[in-house]
Amino acid sequence: MEGSSESGWERSDSSRGLNSSFLVRNSRILRTGAVRFSGDNSSHDSVRKGRPWAHVTSHGGLLAGSEGGPVACPVECNDVSLRKWLDNPDRTVDALECLHIFSQIVDVVNLAHSQGIVLHNVRPSCFVMSSYNRVSFIESASCSDSGSDSPEYGSNSQMAEFKGSPSVVPPESQHSRSQYARLARNPASQINSESSCLQSSSGQAVHASDGAANEQTAGDKRQSFPMKQILLLESNWYTTPEEVSGDPTLCASDIYQLGVLLFELFCTFDSLEEKSSTMASLRHRVLPPQLLLKWPKEASFCLWLLHPEPSSRPKMSELLQSEFLNEPRNEIEEREAAIDLREMIEEQELLLEFLLILQQMKQEAADNLNETITLISSDIDEVTKLHTSLRMKGGLSIDFGKSSGSGPSLMNNADDDDDSGSSGSRKRIRQGLDMSAPDEVEEHADMNQKSETHGSFLSKSSRLMKNFRKLESAYFLTRCRSVKTASRLLARHSQVSSDGRGGSNVATERSSISNPSSRDRNIEQKPNGWINTFLEGLCKYLSFSKLKVKADLKQGDLLNSSNLVCSLSFDRDGEFFASAGVNKKIKVFEYNSILNEDRDIHYPVVEMASRSKLSSICWNSYIKGQIASSNFEGVVQVWDVTRSQTFMEMREHERRVWSVDFSVADPTMLASGSDDGSVKLWNINQGVSVDTIKTKANVCCVQFPTDSGRTLAFGSADHKIYYYDLRTSKMPLCTLVGHKKTVSYVKFIDSTTLVSASTDNTLKLWDLSMCTSRVLDCPLQSFTGHLNVKNFVGLSVSDGYIATGSETNEVFVYHKALPMPALSFKFNSTDPLSGDEVDDTAQFISSVCWRGQSSTLVAANSMGNIKLLEMA
């Protein structure tokens with residue numbers, strides 16, 4: 001064949017910029033973040049029957065091949081519109097390549113005609129090409145008169161359905177033939193439409209206005225044709241003579257369009273004007289001289305196909321049997337075989353690259369696992385040394401010869417007498433080993449196997465086994481935190497040493513992590529920091545096995561529908577506690593009398609009435625007989641309990657006040673937070689506010705730290721917690737971000753650690769010392785297990801234990817070191833007629849309060865039931 005080139009297919013591939021790495025082109029494989037293996041879902045291995053180049057598809061649709069076999073050729077990310085390929089200004093005509101493309105399009109038309117379908121749209125914009133010149137037929141919005149402006153390719157793609165082929169196209173494609181007919185009758189509608197689309201290389205439709213390819217790279221001398229204009233003109237170029245005269249379109253119309261497409265394949269143009277002029281002359285069967293001189297056989301074949309009389313055009317059978325298509329068949333088949341080989345090579349490269357990435361990921365996972373095992377082994381050695389030292393200190397000798405693994409099993413000796421400082425905790429652990437906590441049960445079958453050593457307390461504790469994964473997470477979290485602390489201390493030590501203002505005296509308990517010699521010298525004196533932290537949490541988690549009722553407060557107005565208790569508070573000595581709520585009363589009860597006297601009805605020792613529903617109360621930690629309260633009308637009051645009357649009333653808030661809190665360090669300082677978006681600071685000696693902090697959202701809770709009256713934290717309806725230095729109250733010292741809903745409570749555990757509650761079902765633990773940029777978005781711990789989505793359920797802290805209510809009418813107790821509940825207690829309602837306990841799902845815990853730093857707390861629910869509970 002004249003003008004053919006053996007390297008033509010290589011040039012055409014390179015002209016489209018074929019990338020060698022599929023994974024680079026398709027980052028979806030890497031974006032998944034994990035390797036997942038599905039069932040036997042094979043890739044698009046095409047089973048081609050009949051002609052090896054017969055690929056007829058629409059976005060991966062399966063169509064019958066030339067012999068009825070299924071053919072799959074999905075539109076991939078590097079496919080390009082045939083229109084865009086034809087109008088590439090750098091394209092050179094390779095006869096064999098053009099015939100290869102034309103033959104595939106002929107097969108598409110033949111397949112449609114064999115099933116009685118006239119395509120009507122044998123136009124370049126309705127075909128896409130793969131990087132290996134695989135041609136696929138599509139019909140996007142650019143090929144119809146729908147007029148849609150939607151740029152979504154998938155939602156507008158249509159295709160004529162071939163009989164016997166699985167349907168993978170939208171239902172609207174069933175009307176495609178009627179659309180073809182309308183287009184044929186009114187070709188001008190396509191020209192006037194602004195919704196022409198062009199198939200992009202990413203497999204999505206690109207709006208014609210976005211497809212104006214006037215881009216020019218450095219060094220280019222010719223510009224690409226404006227695609228919008230080309231697409232609008234294409235409809236005219238491919239309009240058949242019978243369509244112009246209004247006659248019905250037949251299969252011969254597709255033959256005419258094949259002639260126009262063949263002409264475009266063998267002609268290149270330098271400008272749009274030249275192309276428009278030449279294509280206009282083509283309608284009159286006037287061919288350019290250069291085509292007649294260089295490609296005489298192709299020009300003659302074009303004229304045959306472009307005959308103005310449909311009956312004079314060749315039939316499809318004649319076209320397939322023509323010498324023009326069959327003479328280069330061997331060369332095309334050789335070319336097809338080479339393309340198949342390249343495709344298989346690329347597929348193998350793809351598989352190889354995938355396996356290499358998988359190997360790298362698994363190797364990284366293995367390295368991380370080895371590091372984890374090394375870390376655990378070092379911790380086992382460290383704890384073993386500490387354990388041995390403590391036992392030898394007590395004059396006991398032990399034999400670890402029977403121990404297995406990298407370190408001795410410390411659990412085998414858990415039942416022995418121990419003179420260590422944690423013996424009290426160990427005794428409480430042994431008392432509660434066989435008790436089951438109502439924690440969430442996590443499936444962990446391998447952890448339920450019986451231990452060969454019957455003395456192991458871990459195997460006896462179902463709570464530990466049920467929550468082993470969470471304990472594991474808590475261990476690594478504690479371990480990681482200690483390493484970060486040690487790193488900060490080392491950095492600070494290096495800075496001090498380099499400045500010459502200090503020697504090697506900068507050392508703390510946790511700094512021994514990276515100083516083995518120091519650690520060995522001090523092992524008998526004090527364990528490592530992470531050991532103390534995690535061991536304290538583990539021991540305290542197992543120290544108590546249940547919450548038991550010490551007393552049930554029975555009040556005379558239980559049948560009153562307005563008994564919701566909003567707040568509970570103990571006085572400074574734990575002798576009295578007060579309750580307040582929507583019944584507009586503050587009731588003060590004596591703790592010991594409730595505890596020791598078995599009465600049908602318990603009466604308060606003091607009862608004070610308010611004019612409005614009460615939302616919060618707080619006992620002054622210094623002045624024993626003084627209680628502050630807030631109500632729904634925005635009034636803050638200070639009460640004198642000894643006289644049962646109001647001591648002070650402050651009316652500066654504009655809306656409901658949710659919370660009040662006395663400062664422990666400065667008992668004359670009182671804070672309140674309101675729905676008006678303000679926090680007010682009061683001095684009870686002055687009776688007016690001394691400062692106001694304005695926020696943009698409702699303030700739901702306020703809290704002073706226990707050791708200072710100069711700082712304050714409050715939670716807000718904007719899901720955030722704000723920590724202020726009251727000496728500079730214009731902006732927060734730190735903003736804590738992490739909750740997803742309203743923050744209902746904040747409580748300080750110590751001077752730098754606070755816990756927050758939210759209606760997002762979580763409690764969060766925060767370390768204020770970690771806030772270095774005024775925003776802290778990494779809580780130390782998130783506690784889950786209770787239910788809280790709409791109500792205020794209470795929050796209280798004592799010696800690391802955190803008590804909160806739940807909308808399941810339960811009290812939950814957490815320890816700050818572990819994310820799961822340690823204990824819980826269910827409030828059951830009592831039927832007033834039968835006296836039997838019933839479960840009312842509408843009730844919820846509304847307030848909780850620890851009795852100082854003891855193991856006793858008082859809790860109340862939405863029905864006004866108050867119980868004194870104790871951890872046991």
Side-chain angles (χ1 to χ4, degrees), residues 1-13 15-16 53 80-109 122-129 133-135 222 224-225 230 233-234 236-240 254-307 313-314 318-320 322-332 335-336:
M1 178 65 65
E2 184 182 353
S4 64
S5 172
E6 295 180 359
S7 61
W9 66 282
E10 296 178 357
R11 292 200 307 269
S12 65
D13 289 339
S15 67
R16 283 189 291 276
W53 56 85
V80 65
S81 167
L82 180 58
R83 165 53 60 200
K84 189 174 183 179
W85 181 83
L86 284 173
D87 293 326
N88 181 3
D90 297 325
R91 183 176 76 91
T92 57
V93 177
D94 175 7
L96 188 59
E97 180 184 40
C98 293
L99 285 175
H100 180 209
I101 294 171
F102 184 72
S103 298
Q104 295 179 75
I105 298 174
V106 170
D107 286 332
V108 172
V109 178
V122 186
R123 305 184 304 185
S125 61
C126 296
F127 293 89
V128 292
M129 287 174 49
N133 288 358
R134 303 289 191 195
V135 178
R222 291 187 295 174
S224 300
F225 295 159
I230 289 289
L233 292 172
E234 184 188 64
N236 270 340
W237 298 340
Y238 282 80
T239 300
T240 63
D254 290 343
I255 302 297
Y256 180 90
Q257 292 182 336
L258 283 174
V260 179
L261 198 150
L262 180 63
F263 174 79
E264 280 204 80
L265 284 170
F266 281 88
C267 279
T268 59
F269 304 95
D270 294 330
S271 67
L272 179 59
E273 292 75 13
E274 179 187 358
K275 181 162 188 170
S276 299
S277 175
T278 304
M279 296 301 292
S281 301
L282 184 65
R283 180 168 296 279
H284 305 289
R285 302 179 74 196
V286 177
L287 302 181
Q290 62 268 26
L291 179 66
L292 296 171
L293 293 174
K294 191 172 184 180
W295 312 106
K297 186 181 297 185
E298 287 75 8
S300 176
F301 199 75
C302 276
L303 292 175
W304 189 29
L305 300 178
L306 293 172
H307 199 284
R313 297 171 199 155
E318 297 174 341
L319 193 63
L320 294 173
S322 65
E323 180 182 352
F324 178 78
L325 290 180
N326 285 283
E327 181 179 341
R329 177 62 54 82
N330 292 334
E331 296 180 50
I332 292 179
R335 180 191 187 89
E336 192 68 34

(request) Would you sort out whether L261 and W237 count as a side-chain contact (heavy atoms from CB on, under 4.5 Å), showing the intermediate values? (result) CA-CA 10 Å; L261 198 150; W237 298 340; over 6 Å; no

Would you give the length of the straight line joining atom [atom1] of [X] to atom [atom2] of [Y], rounded to the nearest 0.5 angstrom?
{"X": "R335", "Y": "H100", "atom1": "CZ", "atom2": "NE2", "value": "6.5 Å"}
{"X": "T240", "Y": "D254", "atom1": "OG1", "atom2": "CG", "value": "9.0 Å"}
{"X": "L282", "Y": "C302", "atom1": "CG", "atom2": "SG", "value": "7.5 Å"}
{"X": "L233", "Y": "L272", "atom1": "CG", "atom2": "CG", "value": "6.5 Å"}

Sub-3.5 Å donor-acceptor pair from the side chain of [X] to the main-chain atoms of [Y], do we have one?
{"X": "S277", "Y": "E273", "value": "no"}
{"X": "N133", "Y": "I101", "value": "no"}
{"X": "Q257", "Y": "R123", "value": "no"}
{"X": "E327", "Y": "S322", "value": "no"}
{"X": "R91", "Y": "L86", "value": "yes"}
{"X": "S103", "Y": "L99", "value": "yes"}
{"X": "R283", "Y": "N236", "value": "yes"}

Would you say that [X] contacts [Y] through its side chain, given a criterion of any heavy-atom pair below 4.5 Å between the two side chains?
{"X": "L96", "Y": "I332", "result": "yes"}
{"X": "P314", "Y": "I255", "result": "yes"}
{"X": "V260", "Y": "M279", "result": "yes"}
{"X": "R313", "Y": "L305", "result": "no"}
{"X": "L262", "Y": "I105", "result": "no"}
{"X": "T239", "Y": "Y256", "result": "no"}

(request) Could I get the full list of side-chain hydrogen bond (donor to acceptor under 3.5 Å, both in side chains) partners for Y238, not counting sequence neighbours? (result) E264

(request) Could you give me the CA-CA distance, side-chain angles and deciding distance for V93 and T268, then say whether side-chain contact (heavy atoms from CB on, under 4.5 Å) is met? (result) CA-CA 8 Å; V93 177; T268 59; 3.7 Å; yes

(request) Just do the side-chain contact (heavy atoms from CB on, under 4.5 Å) check on E298 and F102 with the steps written out, would you? (result) CA-CA 12 Å; E298 287 75 8; F102 184 72; over 6 Å; no

(request) Search all heavy atoms of P124 against all heavy atoms of S81 and return the closest pair with its distance. (result) O-OG, 4.0 Å

(message) Do the side chains of R329 and E323 get close enough for a salt bridge, i.e. N-O under 4.0 angstrom?
(response) no

(request) State whether K275 and D87 are salt-bridged, where the test is any N-O pair (Lys NZ or Arg NE/NH1/NH2 against Asp/Glu carboxylate O) under 4.0 Å. (result) yes

(request) Please test L306 against F301 for side-chain contact (heavy atoms from CB on, under 4.5 Å), starting from the C-alpha separation and ending with a verdict. (result) CA-CA 9 Å; L306 293 172; F301 199 75; over 6 Å; no

Kindly list each side-chain donor-acceptor pair under 3.5 angstrom involving residues 284-291, sequence neighbours excluded, with atom names and distances?
residue	atom	partner	partner atom	Å
R285	NH2	L303	O	2.8

(message) Can you classify the ring geometry of F269 versus F263 as parallel (below 30°), tilted (30 to 60°) or perpendicular (above 60°)?
(response) tilted

